[in-house]
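What you see below is based on every heavy atom in this structure, not just the backbone, and it leaves out hydrogens, waters and symmetry mates.
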Amino acid sequence: MSQSYSLMIHGGAGALEDMQKEASLSDFEASITAILEQGRQRLDQGEAALDVVEFCVMCLEDDPLYNAGRGSVLNAQGQVEMDAALMSGDDLRAGGVACISQIKNPIALARRVLDHGDHVLLVGDGALDFAKFCGMEQYPQDYFLTALRVQQLQEAQAAGRVTLDHERIKPSQKLGTVGAVAQDLSGNLAAATSTGGLVNKRWGRVGDTPIVGAGVFADNQTCAVSATGYGEQFLRTVFAKTVSDLVQFQQLDAARAAQAGIDYLVAKVQGDGGVIVIDRAGRCGAAQSTSGLIHGWIEHGGPTHCQMG
C-alpha cells in the first residue's frame with residue numbers, strides 16, 4: 001500500500017510562442033489545473049489509477065482547447081479521425097481504438113476494449129460496431145468541429161503540409177495528443193492517451209497514440225508513460241517502452257528516463273514531441289524536444305504544478 005499518490009497530465013507539445021488565435025497560455029493553465037484537482041480528489045478517495053487516467057483524459061477530450069475528442073484536428077477529407085488507448089500497470093491489460101469518429105470520448109471506448117478483454121486494439125468500423133454493442137451514443141460530426149480546426153486544415157492544405165496542431169504553419173499553433181499517467185494509493189500505475197492526430201493527415205493514418213509501447217505504456221515494475229508528438233517517430237523508436245526499459249535496466253528515475261528517452265528520440269529520428277512519466281516510486285518527470293509541453297503534475301500528493309515549457 002502506497003502512502004501517497006501521483007498524477008500527471010499533458011495537453012500536447014509543440015511551438016506555443018504565438019497562440020493568440022487559439023487561446024492564451026492562461027487558458028491552458030486554468031484547464032490543466034482544474035483537471036488535476038479533480039483527479040486529486042479521486043485519488044485521495046482511493047480510486048484506482050486506471051479510472052483516474054480515464055477520467056482526466058475524458059476531461060481533456062471534452063475541452064475544445066485540445067486536439068482530442070471535441071476540437072480534434074481534421075484529416076485531408078475535412079473529417080475527424082480519433083485514436084486512444086490506456087493501460088494498467090498492475091496486470092498489463094490494455095485497450096485501444098483507432099480511426100474512429102462519432103464517439104464523444106474515445107478513451108471511454110478504449111476502456112471498454114480493455115474491460116472486455118478479448119482484444120487490445122479495434123479500428124474503424126469494427127470499433128464503431130463495438131461501441132454500438134456497448135450502447136455508447138454516437139455524436140454527429142458537427143459536435144467535434146471548431147472554427148480553429150477548419151482554419152488549420154485550410155492553412156495546412158495551402159502550405160502542402162501535414163502538421164502537428166501546435167506547429168508553425170504561418171504563426172505558431174498548438175500541438176497533438178493529450179494524456180495522463182497516475183499512481184494510486186495501492187501503488188498501481190496506469191497511463192492513457194487520446195488524439196485527433198495530425199492536421200491534413202491521410203485517411204486511415206494511425207500514429208503512436210493507440211499503440212502499446214509507442215505512445216502509451218504502464219508497468220508497476222517500471223513506470224507509466226504518455227507521449228505526444230509526431231506519431232511516426234514514436235512508433236519507429238517504440239518510444240514508451242524504451243522509456244520503461246530505461247527505468248528497468250538503467251535504474252533511472254522518472255525525470256532522467258523522460259530526458260533520456262527524448263534524447264534517444266532526437267538522436268535516432270530527429271523526433272519532435274514530449275513525454276510525461278511517473279515511476280514506480282511515484283516520482284514525476286517530463287521532457288520535450290519542442291519549445292513547449294503543456295503539462296501539470298501532483299507528486300506524492302503534494303502541490304499542483306503547471307508548466308507550458
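- In this structure, D63 CG and S31 OG are separated by 4.0 Å, a value rounded to the nearest 0.5 Å.
- Contact check for I278 versus C223: no side-chain heavy atoms found under the 4.5 Å cut-off.
- Annotation: ring pair (Phe, Tyr, Trp, His ring centres under 6.0 Å) contacts involving residues 236-284, sequence neighbours excluded, comprise F234-F239.
- Within the structure, ring pair (Phe, Tyr, Trp, His ring centres under 6.0 Å) pairs that include any residue of residues 83-114 do not occur (at least two apart or interchain).
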Side chain to side chain donor-acceptor pair (under 3.5 Å) for T304 and E37? Distances and angles first, verdict last. CA-CA 8 Å; T304 298; E37 287 302 325; 2.3 Å; yes
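- Residues passing the side chain to side chain contact (heavy atoms under 4.5 Å, CB included) test with A182, sequence neighbours excluded: L7, A49, V53.
- Taking the side chain as every heavy atom from C-beta outward, R111 and D51 approach each other to under 4.5 Å.
- In this structure, R42 forms a cation-pi arrangement with F55, its terminal cationic atom sitting closer than 6.0 Å to the ring centre and no more than 45° off the ring axis.
- Q102 is linked by a side chain to side chain donor-acceptor pair (under 3.5 Å) to Q138, counting only residues two or more places apart in sequence or in another chain.
- When ring centroids are compared, H119 and F130 stay outside the 6.0 Å threshold.
- Counting only residues at least two apart or on different chains, the ring pair (Phe, Tyr, Trp, His ring centres under 6.0 Å) pairs with a member in residues 269-298 are H295-W297, W297-H305.
- Residues T222 and Q248 bring no donor and acceptor atom of their side chains to less than 3.5 Å of each other.
- Under 4.0 Å is where a charged nitrogen must lie from a carboxylate oxygen, and between D279 and R283 at least one such pair does.
- For D62, the side chain to side chain donor-acceptor pair (under 3.5 Å) test picks out K104, N105, with sequence neighbours left out.
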